[in-house]
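Each chain gets a letter, A, B and so on, in the order its sequence line appears, and its residues count up from 1.
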There are 2 protein chains.
Amino acid sequence: MTKTATANRKSAERAARQELILQGALAVFREKGLEGAKIDEIARVSGFGKATLYYYFSSKEEIFSALLLNGWRSLWRELEEIARGDDSPRTLFISMLKKIVELVNTDRPLYEFLFQAPQSFTPEENERSEWKVYQNRLYKVLMELIEQGIQEGEFPEMEPRLIMRAMGGLFHGLVFLGKDRKSITENEIEEMLGSLLGKAGQTK
Amino acid sequence: MTKTATANRKSAERAARQELILQGALAVFREKGLEGAKIDEIARVSGFGKATLYYYFSSKEEIFSALLLNGWRSLWRELEEIARGDDSPRTLFISMLKKIVELVNTDRPLYEFLFQAPQSFTPEENERSEWKVYQNRLYKVLMELIEQGIQEGEFPEMEPRLIMRAMGGLFHGLVFLGKDRKSITENEIEEMLGSLLGKAGQTK
DNA sequence: CGATTATTCGAACTGTGGGTCGATATTAGC
DNA sequence: GCTAATATCGACCCACAGTTCGAATAATCG
């Protein structure tokens, strides 16, 4: 058993070091943007030699990808649970967005990265990427909630895609826009969403 | 008089060539993103040698800046007129956004660039830039309309900055999000804004 | 202990891309 | 036509940043 135990510890340590590197990388991306982040600086910030980064990751791009993948995957896991609830579409929809707000307020740098980094890639690059799978699942669930919600009269009768875009933009604006990084409260979000979606069924 | 006439023509031609270069640059930015756009490619697309670009512009960054400055300045001029009208704050506010939609539908690549390129710079870089002046004027006018609108009961009673963010996000979502580049209509915008702002005073 | 393997790292390599040079062509003015 | 200014351009330069190398150190195991 000794062999396995040691191997486990080693692989755990390896993962922990990868995590350290990712944290450093995130800090640098946040400050310098995607292209502005230099490998040397990531190495310095995370406290490893430059070559060591390449011992754990095969390229700069892989570091990006790992950050995005981890982030979107864990975000999806949090939201998946909520989506499985059996409340009305509108309630579920709002709960999910409120959950995202809660998470953002927990670790703003991470979520700013998750929501803004993708714009730095070309659409083709994005299609191929692992993390996109989880983002797509999230979008799909939200779209379905909107469609069901419309049928049940809980959402305004408009093109679902249009509502999706409007809600996405509204949400993004409230949570991420503005230089004053004051966190938004769940109540504020709820109020805004409520007025956009109309009062129908809101106090159900 | 010959001298002046010739000089005029020359400077007009010079401006026209600059314009050609800017058009090429915009096309490349649109496709490749800001960092992905190479000077060599801009030169190729706009039909000049690389060195010629540097005969008209002193750096790659100056090309960016010129695009942004031209764009935001002309956008501001269009909107300034509207802002001077003497309708109610809410009507003015909505007219301005509808005007932007109209312009976007005229030249989508340009406006996508205008609204998205700034994110590629660090905040400090943005502060120093010429074009930011016009963007700030626009934001200021919109904020004032919101503040007045609240006093006159045409807008919901919330923090103006919050309303601004919400409207900005909503607008951006509707106009620019989504891969299907189908243009949005002014009516759709009006409907969305209307429901977010509430019915109060809408049918004034 | 050796010896084999895992880890770390600064130095060196290399491709890329922004910017410059010098030579050439084109135009303007007389 | 001749000269000076204007315009054009491909080849070159060089700094930078991602990546690799090779050596050195630390951990594992028999």
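None of B:N187, B:T185, B:I189, B:T106 except one satisfies the side-chain contact (heavy atoms from CB on, under 4.5 Å) rule with B:V101; the exception is B:I189.
Using a 4.0 Å heavy-atom distance criterion, B:Y56 is classed as a sugar-phosphate-only contact. Here B:S58 lies out of heavy-atom contact (under 4.0 Å) with every strand.
Across the protein-nucleic acid pair, B:K60 atom NZ and C:dG17 atom P stand 9 Å apart, rounded to whole Å. Rounded to a whole Å, the CG atom of A:D40 is 12 Å from the C1' atom of C:dC9. A straight line from CZ of B:F48 to C1' of D:dT6 spans 14 Å, rounded to a whole angstrom. Atom-to-atom, CD of A:Q18 to P of C:dT8 comes out at 11 Å; the value is rounded to the nearest Å. Counting to the nearest Å, the C1' atom of C:dT20 and the CZ atom of B:F57 are 18 Å from each other. Whole-Å rounding puts the A:L53 CG to D:dA17 P distance at 16 Å. The distance between atom CZ of B:R17 and atom C1' of D:dC9, rounded to the nearest whole Å, is 14 Å. Taking atom CD1 on B:I42 and atom P on C:dG18, their separation rounds to 8 Å, with Å as the unit.
A close approach under 4.0 Å does occur between a side-chain nitrogen or oxygen of A:R14 and OP1 or OP2 of C:dT7. The shortest distance between the side-chain N/O atoms of A:Y54 and the OP1/OP2 oxygens of D:dT19 is below 4.0 Å. Between B:T52 and the phosphate of D:dC9, there is a side-chain N or O to OP1/OP2 separation shorter than 4.0 Å.
Contact annotation: side chain of B:K50 to base of D:dG10, donor-acceptor pair absent below 3.5 Å. Judged by distance alone, with hydrogens and angles left aside, B:K38 brings no side-chain donor or acceptor close enough to the base of C:dT16 to form a pair under 3.5 Å.
If you look at B:W72 and B:F115, their ring centroids are closer than 6.0 Å. For A:F93 and A:F155, the ring centers sit closer than 6.0 Å to each other. Here A:F29 and A:F64 bring their ring centres to under 6.0 angstrom of each other.
Residues A:A51 and A:Y55 both approach DNA chain C. Their nearest nucleotides, taken by heavy-atom distance, put A:Y55 toward the 5′ side.
Taken to the nearest 0.5 Å, the CG atom of A:L174 stands 10.5 Å off from the CD atom of A:E191.
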